[in-house]
Amino acid sequence: MNVAITSSLLGDLHCSQCGKTYDPFSRQTVSRCCQAPLLCDYVLDVGSVLPGDLASRPKSLWRYEELLPGIQPENRVSLGEGFTPILTLNRLASQNNLQHLLLKDEGLNPTGSFKARGLSMAISKAKENGEQACIIPTAGNAGVAMAAYCARAGMEAVVVMPRHTPDAFKEACRAYNARLIEVDGLINDCAANVQEINQSGAYFDVSTLKEPYRLEGKKTMGFEIAEQLAWQLPDVIVYPTGGGTGLIGIWKAFDEMQSLGWLPQEVTLPRMVAVQAESCCPIVTTWQGKQLNSKQYVGRPTLANGLAVPRPIGEPLILSVLLESGGTAIAVSDEEMVKGVRELARYEGIFGAPEGGAVWAATKKLLEQGWIQPNERVLLLNTGSGQSYLDNLKGKLTD
Ligand SMILES: *Cc1c(COP(=O)(O)O)cnc(C)c1O
Ligand SMILES: [Zn+2]
């Protein structure tokens with residue numbers, strides 16, 4: 001079948017809880033039936049797109065266009081997001097008795113974090129649907145990314161952020177001419193504020209997983225991991241989990257690549273690890289059986305602002321990824337994540353976000369516990385740049 005025709009059929013939506021389908025061409029939030037995230041479906045015939053077709057395409061996430069929501073080229077709002085490098089961490093590997101340690105550096109994305117992927121897709125689709133103004137509750141990076149993509153699309157932006165967020169995030173939003181609202185509390189308090197401000201629905205609400213397309217942008221990390229590693233997936237992927245969009249997205253990408261025949265049907269998929277902060281670890285707490293779910297979980301701030309998501313709406317989806325992949329969930333302290341940031345910087349030249357430091361700290365713990373074997377191929381996600389977090393890290397980066 002002609003790829004152009006196939007594309008226009010793609011991107012139907014279904015409720016992640018009951019499967020009921022929804023129209024992708026009008027404004028959608030969570031499903032009306034179950035108040036659950038909506039997921040995008042694609043018609044993926046084996047052989048309709050081949051890995052070899054990718055070689056000549058742009059080095060951004062848009063190279064996977066058949067696996068993305070159908071958005072007219074003139075509505076694509078792009079700053080060159082995606083196709084970040086996968087680096088080999090030889091020094092840290094040998095110091096820690098690991099044989100194959102890799103890191104995908106998402107801090108190199110536009111706006112300094114992987115949130116650029118999700119917001120590029122969401123704002124593109126919003127533009128396609130005729131939206132003029134967007135609003136977002138954020139722990140920091142998502143707000144900056146939304147402000148940037150809205151600026152590029154000529155759309156109005158309102159960003160609602162915790163007051164304690166580092167200045168770099170706030171100033172970036174102001175530079176992009178977003179209206180910045182500061183709230184005492186965490187992202188769930190910001191979300192409540194958004195509900196209040198936006199009762200009329202004048203703004204399109206781009207909250208994580210309450211809008212189906214940020215997930216589609218973030219899942220491209222999964223395609224890139226496969227393509228950049230020559231279709232040989234790692235044994236373990238270690239991911240800093242807040243709302244869980246990236247974790248769910250990477251897993252969705254693996255599933256879609258299997259349907260397309262890009263990965264063998266019998267391939268062993270990576271074990272997925274959700275890393276959280278001790279001061280806000282709802283997924284770890286549920287995973288360990290200490291609560292039924294995180295609907296009442298109370299979190300505290302952490303230096304890794306992106307991990308301070310106490311009640312993620314995607315919890316059931318996150319837990320299924322951990323279960324299906326044979327993965328696990330683990331928490332690290334703020335002290336451990338700062339040490340992780342320092343080690344990535346001084347031994348590998350990567351100044352990552354505290355979320356990236358957390359991932360390295362968790363990997364060492366899992367190695368110690370024997371959950372990771374020294375000969376396994378381990379891929380870390382550094383999801384953001386350390387530059388944005390200087391307020392949090394000041395005075396903590398030297399002995
Ligand atoms: C948002 C964020 C996270 C958490 O991402 P999710 O996909 O929502 O789990 C991790 N790291 C950084 C730097 C972030 O900005
Ligand atoms: Zn439903």
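What you see is a predicted model; the values in this text were computed from it and never measured. Atoms within a ligand are numbered from 1 in the order they appear, just like the ligands themselves.
Within ligand 1, the atoms closer than 4.0 Å to a non-hydrogen atom of Glu355 are 10 (C), 11 (N), 12 (C), 13 (C), numbered from 1 in the order shown.
By the 6.0 Å and 45° rule, Arg342 does not stack over the aromatic ring of Trp360. Because its NZ or CZ atom is not both nearer than 6.0 Å to the ring centre of Phe223 and within 45° of the ring axis, Lys219 does not count as a cation-pi partner of that residue.
Between the side chains of Tyr389 and Glu355, at least one donor N or O lies within less than 3.5 Å of an accepting N or O. In summary, the side chains of Tyr176 and Glu171 do not present any donor paired with an acceptor at a separation below 3.5 Å, with no hydrogens or angles considered. For the 3.5 Å distance criterion, the side chains of Gln288 and Thr285 fail to qualify, holding no donor opposite an acceptor. Residues Asp205 and Ser207 have side chains that bring a donor and an acceptor to within less than 3.5 angstrom of each other.
The salt bridge (charged side-chain N to carboxylate O under 4.0 Å, His left out) with Glu227 is formed by just one residue from the set Lys59, Arg63, Lys104; it is Arg63.
The nearest heavy-atom contact from the protein to atom 5 (O) of ligand 1 is Phe114 CZ, 3.3 Å. Nearest protein heavy-atom neighbour of atom 8 (O) of ligand 1: Gly243 N, 3.0 Å. Ranking the protein heavy atoms by distance from atom 7 (O) of ligand 1 puts Tyr239 OH, 2.6 Å first.
Contacts of Phe169 with ligand 1, taken as heavy-atom pairs under 4.0 Å, are absent altogether.
Any N or O atom pair closer than 3.5 Å counts here, and Thr241 shares no such pair with ligand 1. Between Gly244 and ligand 1, at least one N/O pair is under 3.5 Å apart. Residue Tyr389 places no N or O, backbone or side chain, under 3.5 Å from any N or O of ligand 1. Remark: ligand 1 and Gly242 share an N or O pair separated by less than 3.5 Å (distance only, no angle test). In terms of N/O distances under 3.5 Å, ligand 1 is approached by Gly246.
The main-chain N or O of Leu50 is found under 3.5 Å from a side-chain atom of Asp53 such that the two form a donor-acceptor pair.
In this pair, Phe114 and Tyr239 present their aromatic rings tilted. The plane angle is within the 30 to 60° band.
Rounded to the nearest 10 degrees, the angle SG (Cys33) to the Zn ion (ligand 2) to SG (Cys15) equals 100°.
Residue Pro240 places a heavy atom less than 4.0 Å from ligand 1.
Considering Thr383, Ile318, Val359 only, the shortest heavy-atom separation from atom 12 (C) of ligand 1 involves Thr383. Ranked by closest heavy atom to atom 14 (C) of ligand 1, the top entry among Lys115, Lys218, Arg214 is Lys115.
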